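So the structure is just underneath, and the comments pick up after that.
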Amino acid sequence: MNSLIIDLFMCGVAYVILIYFVATMTKNSLRRGNSSNDDGDGGIENLTPPKIDLPPGVIWPSESPKKSKVPEPAEY
């Protein structure tokens, strides 16, 4: 039982020390002002959507034929 208490105490001390170091490292990086919007992927930013090859007869809704908004008058 005595060794269990010593082990739990040592784990608690190690946990507190670890949390202290993590908190101090995080605080330093936040103070430096690393508030850029860079997500860290690197490379060239390409914002164009990919061109997907659709089967014959299928079109994108943005490429659909435009319909006239004015209905044709009905003849009586």
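Just so you know, these numbers come straight off a predicted model, no measurement behind them. Only this structure's heavy atoms are used, side chains among them; waters, hydrogens and symmetry mates stay out.
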Treating Ile, Leu, Val, Met, Phe, Trp and Tyr as nodes and any side-chain heavy-atom pair under 4.5 angstrom as an edge, say whether Leu4 and Tyr15 lie in one connected cluster.
no
For Thr48, the side chain to side chain donor-acceptor pair (under 3.5 Å) test, sequence neighbours excluded, returns Asn46
Contact between Val16 and Tyr20 at the side-chain level, heavy atoms closer than 4.5 Å - yes or no?
no
With sequence neighbours left out, the residues meeting side chain to side chain contact (heavy atoms under 4.5 Å, CB included) with Val13 are Phe9, Ile17
Do Ile52 and Ile59 sit in the same hydrophobic cluster, where Ile, Leu, Val, Met, Phe, Trp and Tyr count as joined when their side-chain heavy atoms come under 4.5 Å apart?
no
